[in-house]
Chemist: 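Below: one structure in structure tokens.
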Protein chains: 2
Amino acid sequence: MAVPSPAPATPAASPLFLREHEVRRGVELLFFGYTRLTRSIDEVLAEHGLGRAHHRALYFIARQPDLTISELLKILAITKQSLGRVLNDLSARNLVETRSGSADRRQKLLRLTEEGKAFEAQLFEALRTSLATAYAAAGQESVTGFWRVLEGLIPVEDRAMVAALQKDV
Amino acid sequence: MAVPSPAPATPAASPLFLREHEVRRGVELLFFGYTRLTRSIDEVLAEHGLGRAHHRALYFIARQPDLTISELLKILAITKQSLGRVLNDLSARNLVETRSGSADRRQKLLRLTEEGKAFEAQLFEALRTSLATAYAAAGQESVTGFWRVLEGLIPVEDRAMVAALQKDV
DNA sequence: AAGATACGTCAATATGGCTGTCCCATCTCC
DNA sequence: GGAGATGGGACAGCCATATTGACGTATCTT
């Protein structure tokens, strides 16, 4: 049996021991980038008496028409009660409508009304402007890297759900 | 004088009119990436009866020892009252201590106690693990792109502040 | 001495989460 | 056909985190 070779004096840096600086930079940019993007639509939302939670629901319903309640719950990862309030507000403002499922009539299929589509599109335009400007300044290769890193931040068990959002585009 | 050439039938796509798909992908990855990273430390925080707001303050104080209250307020972009509660909680748990400024004694300079440093380091380790794994999976060029895009999302007037965090690293 | 600035604090309110509990309609499976 | 599982709704109360507004005190600047 061979004698194990001694550990190298200067082992190759493991990716798990990246310099602290690089990690902190990511944490900070993610914090500022996310919060600033989010805040950019607060005013428009407030004009309708809505908040960020409403936008998130609106966004994912726009993204996947005929989404069910339980699918939306998985995406948002909040409780049924929290989502209930949000959906009630959106229905009361005639932005979202529901129909019962054809295969399973217990399900409720969520859709935006015409009004809801217009409102979501207005909010999306603000997001598009911010993101498109950032994409353009960074260049296409950077955008790919941006996506790759963010994908890596999503726990493996959630990736299928995220990927499913892209499927019919 | 030359006759102007007609507009091309298929103009190059302007960065401001990126395909909706690419923008939505960014919005979604940012949402999932940010929220998942954030949630990854909730349990540890909860063990100490603290929340995310406390972590944010702790993080930036760790990052810039002797930060003043008003500097921290600018970074977090919350009100004095909101921050006050958070800092009181952190002081009560002996994680943060303050001294008055030497040049200007009205200022309070914020620092972590030894206990605070240890706690912040523990939280940072969790963030490091997540981010380092994502960085490693994506590759170094991707990390650069990730940073570039996020920088572009920060409003111009805030960039100096973000850059200042990196200055002494 | 007057005014501006840095920080603290009291009070009330909004938003968006949470737990726990109970309910109804419908589907599935024996 | 009946039992149990599942999809969704609702009531009640609570917590964390943010807000606005007003006021107070110490200190710096001029």
Chemist: Kindly give the atom pairs (protein nitrogen or oxygen, nucleotide nitrogen or oxygen) under 3.5 Å for nucleotides 19-25 of chain C.
Modeler:
from   : atom 1 : to    : atom 2 : distance (Å)
C:dG20 : O6     : A:Q81 : NE2    : 2.8

Chemist: Please work out if B:R85 contacts a base, only the sugar-phosphate, or nothing of the nucleic acid, heavy-atom cut-off 4.0 Å.
Modeler: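 The residue B:R85 makes base contact.
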Chemist: Check A:D158 with A:K74, please: is the shortest side-chain N to carboxylate O separation under 4.0 Å?
Modeler: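 No, no charged N to carboxylate O under 4.0 Å.
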Chemist: By nearest heavy atom, map A:S102 and B:L73 onto DNA chain C; which one lands nearer the 5' end?
Modeler: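 So the residue in question is B:L73.
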Chemist: By the ring-ring contact (aromatic ring centres under 6.0 Å, His included) test, which pairs, at least two apart or in different chains, include something from residues 138-164 of chain A?
Modeler: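 Not a single pair qualifies under ring-ring contact (aromatic ring centres under 6.0 Å, His included).
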Chemist: Assign each of A:A77 and B:N88 to its nearest nucleotide of DNA chain C by heavy atoms, then name whichever residue's nucleotide is nearer the 5' end.
Modeler: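 Residue closer to the 5' terminus by nearest nucleotide: B:N88.
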Chemist: Just how far, in rounded Å, is P of C:dA4 from CG of B:D104?
Modeler: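 Distance, rounded to whole Å: 17 Å.
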Chemist: Separation of B:Q107 atom CD from C:dG8 atom P, in whole Å?
Modeler: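 Result: 12 Å.
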Chemist: Can you name the residues that form a salt bridge (charged side-chain N to carboxylate O under 4.0 Å, His left out) with B:E151, not counting sequence neighbours?
Modeler: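 Applying salt bridge (charged side-chain N to carboxylate O under 4.0 Å, His left out) to B:E151 gives A:R25.
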Chemist: What are the 5'-most and 3'-most nucleotides of DNA chain D lying under 4.0 Å from any heavy atom of chain A?
Modeler: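 Here the contact window of chain A covers D:dA5 to D:dC11.
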Chemist: Is there any ring-ring contact (aromatic ring centres under 6.0 Å, His included) pair reaching into residues 77-119 of chain A, and which pairs are they, with sequence neighbours excluded?
Modeler: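 Sorted pair list: A:H48-A:F119.
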Chemist: Under the rule for side chain to side chain donor-acceptor pair (under 3.5 Å), what residues qualify as partners of B:T38, not counting sequence neighbours?
Modeler: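 Applying side chain to side chain donor-acceptor pair (under 3.5 Å) to B:T38 gives none.
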Chemist: For DNA chain D, which residues of residues 27-49 of chain B approach it to below 4.0 angstrom with any heavy atom?
Modeler: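 Nucleic-acid contacts, sorted: none.
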Chemist: Looking at B:E125 and B:R128, does any basic side-chain N land under 4.0 Å from a carboxylate oxygen?
Modeler: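 Judged by the 4.0 Å cut-off on N to carboxylate O distance, B:E125 and B:R128 do form a salt bridge.
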Chemist: Quick one: which residue pairs count as a side-chain hydrogen bond (donor to acceptor under 3.5 Å, both in side chains) with a foot in residues 115-124 of chain A, not counting sequence neighbours?
Modeler: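 Found A:N94-A:E115, A:E114-A:K117, A:E120-B:R24.
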Chemist: What residues, two or more places apart in sequence or in another chain, satisfy side chain to side chain contact (heavy atoms under 4.5 Å, CB included) together with A:T79?
Modeler: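 Checked A:T79 against side chain to side chain contact (heavy atoms under 4.5 Å, CB included); matches are A:Q81, A:S82.
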Chemist: Quick check: on DNA chain D, is the nucleotide nearest B:R52 upstream (toward 5') of the one nearest A:T98, or the reverse? Name the residue that is more 5'.
Modeler: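 So the residue in question is A:T98.
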Chemist: Restricting to pairs with a member in residues 43-56 of chain B, which pass salt bridge (charged side-chain N to carboxylate O under 4.0 Å, His left out), not counting sequence neighbours?
Modeler: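 Residue pairs with at least one partner in residues 43-56 of chain B: B:D42-B:R52.
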Chemist: Under the side chain to side chain contact (heavy atoms under 4.5 Å, CB included) rule, collect the residues that match up with B:S130, sequence neighbours excluded.
Modeler: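 With sequence neighbours excluded, B:S130 shows a side chain to side chain contact (heavy atoms under 4.5 Å, CB included) to A:L153, B:L37, B:S40, given in chain and number order.
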Chemist: So what does B:G51 hit on the nucleic acid, given a heavy-atom distance under 4.0 Å: a base, only sugar-phosphate, or nothing?
Modeler: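 It contacts sugar-phosphate atoms only.
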Chemist: Between B:L110 (CG) and C:dA6 (P), how many Å, whole number?
Modeler: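 Value for this atom pair: 14 Å.
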Chemist: If you find the nucleotide of DNA chain D closest to A:L109 and the one closest to B:A103, which residue's nucleotide is nearer the 5' end?
Modeler: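 Looking at DNA chain D, the more 5' nearest nucleotide goes with A:L109.
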Chemist: Applying side chain to side chain contact (heavy atoms under 4.5 Å, CB included), can you list everything that pairs with B:P65, at least two apart in sequence or on another chain?
Modeler: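 Scan of B:P65 (side chain to side chain contact (heavy atoms under 4.5 Å, CB included), adjacent residues dropped) gives B:R111.
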